[in-house]
Number of protein chains: 2
Amino acid sequence: MASRAGRAPGVTIGDVATAAQVSRSTVSRAFTRPQLLSQETVKHVRAVAMRLGYVGNQAARALSTGRFGNIAVVVPDIANPFFPPLVRSLQLAAETADLAVFLGDSDESAEREAKLIARLAPQVEGFVLASPRLSEKLIRELAATRPTVLVNRDLDGIPRVLIDSSGGMTEAVLLLKKLGHQRLAYLAGPRDSWSDQQRREALTQTSAKAGLTVEIVEVGRPTYAAGRDSVSAVVRSGATAAIAFDDVVSQGVLAGLEVRGISVPTDFSLVGCDDTLAALTTPALTSVSAGAATAGTAAAKLLVNLLEAVEPSADCVTIATHLVTRATTAAAPKSTF
Amino acid sequence: MASRAGRAPGVTIGDVATAAQVSRSTVSRAFTRPQLLSQETVKHVRAVAMRLGYVGNQAARALSTGRFGNIAVVVPDIANPFFPPLVRSLQLAAETADLAVFLGDSDESAEREAKLIARLAPQVEGFVLASPRLSEKLIRELAATRPTVLVNRDLDGIPRVLIDSSGGMTEAVLLLKKLGHQRLAYLAGPRDSWSDQQRREALTQTSAKAGLTVEIVEVGRPTYAAGRDSVSAVVRSGATAAIAFDDVVSQGVLAGLEVRGISVPTDFSLVGCDDTLAALTTPALTSVSAGAATAGTAAAKLLVNLLEAVEPSADCVTIATHLVTRATTAAAPKSTF
DNA sequence: CTGAAAGCGCTAACAT
DNA sequence: ATGTTAGCGCTTTCAG
């Protein structure tokens with residue numbers, strides 16, 4: 001009741017109303033719909049509110065309006081360098097729309113993702129799910145309840161931003177072919193990752209068309225260590241060039257190759273994806289660009305539209321990729337090792 | 001009123017009460033204070049709630065109790081690789097205490113940091129400020145209002161977790177001396193960064209004691225480009241080894257050195273800080289470990305204590321660092337270039 | 001052990 | 001243009 005412990009200290013709308021000699025509704029309106037009030041009243045109320053240090057109580061507002069002013073972004077692993085720029089630009093864009101953002105890290109687990117979403121759902125207006133590991137069914141259920149935008153997951157009818165790696169992938173394969181490589185390895189990412197499926201497909205199709213052989217090496221969770229440890233399989237395959245699911249794996253491969261005395265790009269060509277680490281590294285990695293930041297902004301815009309607009313806006317934004325050629329690709333060695 | 005638009009759909013406590021044939025208070029108690037109820041009732045109510053998919057409405061709870069179940073972590077730049085592991089472990093730990101976490105990215109600006117905090121304050125129970133750029137005054141004001149934990153900022157009386165780089169720094173200097181270097185360069189970070197001040201001090205003191213000269217090169221915002229562009233100054237200084245404010249800068253330096261044909265570690269030794277990229281890179285960087293993840297967990301614990309405990313707990317947690325020697329340090333070249 | 005009822009701070013119909 | 005009033009969904013005293 002009135003005297004409950006733990007209540008955050010704060011000036012209420014009632015205090016302001018009393019001090020300003022107006023009703024509480026007037027104070028409320030002075031902030032939410034000033035058009036309904038006379039200029040004077042608005043100015044007066046606001047001045048008093050300011051003097052008292054009044055800050056609206058979000059919880060109460062939310063309870064009354066059903067709008068929270070919060071959104072949530074959930075990612076499988078914020079420590080994966082692909083996501084920070086995404087989250088960053090998303091939060092910046094959200095700020096413009098005066099939305100605060102919750103961050104959820106699902107630790108690559110569909111189950112934990114579901115829990116996070118359930119926990120967050122009652123206090124957010126919408127979700128951005130980046131590379132969700134959740135089942136299609138669950139995602140659709142969520143999207144039916146709350147405005148939801150997907151990143152790198154292609155579910156028809158649900159607003160989504162897709163980074164289309166096929167452009168960059170195709171360029172990569174073509175470049176490798178031109179350099180004289182004939183046998184490629186692909187260090188594949190997690191099975192339930194849409195990005196991986198897409199990359200796999202673009203890669204195999206282009207290779208087939210170009211008459212190249214491609215060996216698929218499963219690395220599982222895309223980590224540095226996994227990449228490094230996959231090198232033996234790559235070498236065994238007889239490939240002279242490799243494309244990795246992402247730059248982290250690519251770095252691992254670089255390390256594994258070096259240990260074996262195989263030098264890049266002299267003996268072996270290497271291409272990464274996402275361009276997250278690629279430019280920050282010596283030697284600089286050839287990589288397929290990804291524009292995670294662009295995706296973040298796009299996702300935020302999509303969600304804001306979803307929240308504000310009556311009309312559903314564009315429901316799928318595609319971001320193209322291209323190959324960024326740097327130090328790790330060169331002509332195929334004359335012979336295999 | 002009842003039929004307001006935009007209200008989020010959801011099962012309320014009333015629905016559960018009706019379905020379970022008990023009062024709303026009972027449902028409430030079944031979740032918040034089950035000791036007060038009979039085992040059976042609790043089980044029954046919970047089962048019904050689960051079946052209906054009931055999730056407590058945080059806003060309403062908050063309104064009633066003054067507790068939000070949310071905390072906020074604000075960082076200067078989530079894209080800086082130091083922070084993701086910190087945020088990640090923090091969010092994991094928060095989850096254990098059933099706290100949801102807001103993420104704020106201040107973009108290295110004290111002003112934006114203040115705005116974020118003001119925006120978030122009315123709906124969080126506490127803050128974790130990681131490497132805050134805010135003035136001491138403002139931080140103290142905040143800490144007086146809301147439980148606040150600092151990371152890498154040393155303000156007496158405010159709970160904080162400090163990563164003490166001096167250990168690793170000292171080791172680095174000593175190693176470089178042992179390798180025969182006599183003139184070091186320090187690529188310094190942002191002035192208002194506590195970490196930088198601390199590193200600067202440890203470095204200059206140890207160097208003085210060890211009889212080494214150290215040239216300080218200001219790089220400003222710690223980025224790859226800034227590091228690369230600082231190389232000319234480093235070379236001019238006549239140093240044969242450099243310690244960089246962090247690994248990102250260190251990578252930049254590596255690139256700049258390479259461009260000039262100076263090879264690491266043959267001609268030049270290089271040490272980074274934070275060990276964020278260092279292990280993921282070829283060549284692997286010697287770096288001062290930082291344990292951002294540990295810091296995140298510690299900060300979360302500190303904050304949870306602050307929220308729950310009556311007694312203030314330990315108010316400062318220090319995390320030690322050490323040098324991780326990898327490929328980029330070696331004996332000093334015979335002569336300067 | 002359980003129910004009834006008041007009220008958290010705010011907004012939005014409905015008056016005036 | 002402003003005041004009155006009825007809740008939003010939940011917790012918690014107070015009765016029983």
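Protein chains get the first letters and strands the later ones, always in sequence-line order, with residue 1 at the start of each.
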Inset, instruction - Check for a donor-acceptor pair, side chain of B:Asp105 on one end and backbone N or O of B:Ile78 on the other, with a separation under 3.5 Å. - result: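 Pair found, side chain donor or acceptor close to backbone of B:Ile78.
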
Inset, instruction - Please work out which residues in residues 45-54 of chain A have a non-hydrogen atom less than 4.0 Å from an atom of DNA chain D and list them by number. - result: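 Within residues 45-54 of chain A, no residue comes under 4.0 Å of DNA chain D.
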
Inset, instruction - Run the numbers on A:Ser23 and A:Thr26 for side-chain hydrogen bond (donor to acceptor under 3.5 Å, both in side chains), then give the verdict. - result: CA-CA 5 Å; A:Ser23 74; A:Thr26 302; 3.1 Å; yes

Legend entry - Bend angle of the helix from C:dC1-D:dG16 to C:dT16-D:dA1, from helix axes over five pairs at each end, nearest 10°: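 What I find for the helix from C:dC1-D:dG16 to C:dT16-D:dA1 is an axis angle of 30°.
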
Inset, instruction - Considering just the side-chain nitrogens and oxygens of B:Ser28, establish if one lies under 4.0 Å of OP1 or OP2 belonging to D:dT11. - result: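 For B:Ser28, the contact criterion (side-chain N or O under 4.0 Å from OP1 or OP2 of D:dT11) is met.
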
Could you check how far [atom1] of [X] sits from [atom2] of [N], rounded to whole Å?
X	N	atom1	atom2	result
B:Phe68	D:dC10	CZ	C1'	14 Å
A:Arg33	D:dA1	CZ	P	13 Å
B:Leu63	C:dC10	CG	P	9 Å
B:Gln58	C:dC8	CD	C1'	15 Å
A:Arg61	C:dT11	CZ	P	4 Å
A:Ile13	C:dC8	CD1	P	14 Å
A:Phe31	C:dG9	CZ	P	16 Å
B:Asn57	D:dG9	CG	P	7 Å

Inset, instruction - Might you work through the side-chain hydrogen bond (donor to acceptor under 3.5 Å, both in side chains) test for B:Asn70 and B:Gln58, ending with a clear yes or no? - result: CA-CA 9 Å; B:Asn70 300 329; B:Gln58 279 296 329; 5.9 Å; no

Legend entry - OG1 on B:Thr41 to CG on B:Leu36, rounded to 0.5 Å: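 OG1 of B:Thr41 is found 11.5 Å from CG of B:Leu36.
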
Heavy-atom closest contact ([X] atom, [Y] atom, distance):
X	Y	answer
A:Gln91	B:Gly104	OE1-CA, 3.3 Å
B:Val87	B:Leu103	CG2-CD1, 4.3 Å
A:Val151	A:Ala295	CG1-CB, 4.5 Å
B:Val55	A:Pro122	CB-CG, 4.3 Å
A:Ala290	A:Ile319	O-CG2, 4.3 Å
A:Arg119	B:Gly69	NH2-O, 2.8 Å

Inset, instruction - Consider the side chain of A:Thr65, meaning its heavy atoms from C-beta on, and name the nucleotide among D:dG9, C:dG9, C:dT11 that approaches it most closely. - result: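 The closest nucleotide is C:dT11.
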
Inset, instruction - Kindly say whether the aromatic ring centers of B:Phe31 and B:Tyr54 come within a distance under 6.0 Å. - result: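 They qualify: ring centres under 6.0 Å apart.
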
Tabulated below should be each protein N or O lying under 3.5 Å from an N or O of nucleotides 1-3 of chain C; please produce it.
residue, atom, partner, partner atom, Å
C:dT2, OP1, B:Thr41, OG1, 2.7
C:dT2, OP2, B:Ser38, N, 3.1
C:dT2, OP2, B:Thr41, OG1, 3.0
C:dG3, OP2, B:Ser23, N, 3.1
C:dG3, OP2, B:Ser23, OG, 3.2
C:dG3, OP2, B:Thr26, OG1, 2.5
C:dG3, N7, B:Arg29, NH2, 2.7
C:dG3, O6, B:Arg29, NH1, 3.3
C:dG3, O6, B:Arg29, NH2, 3.1

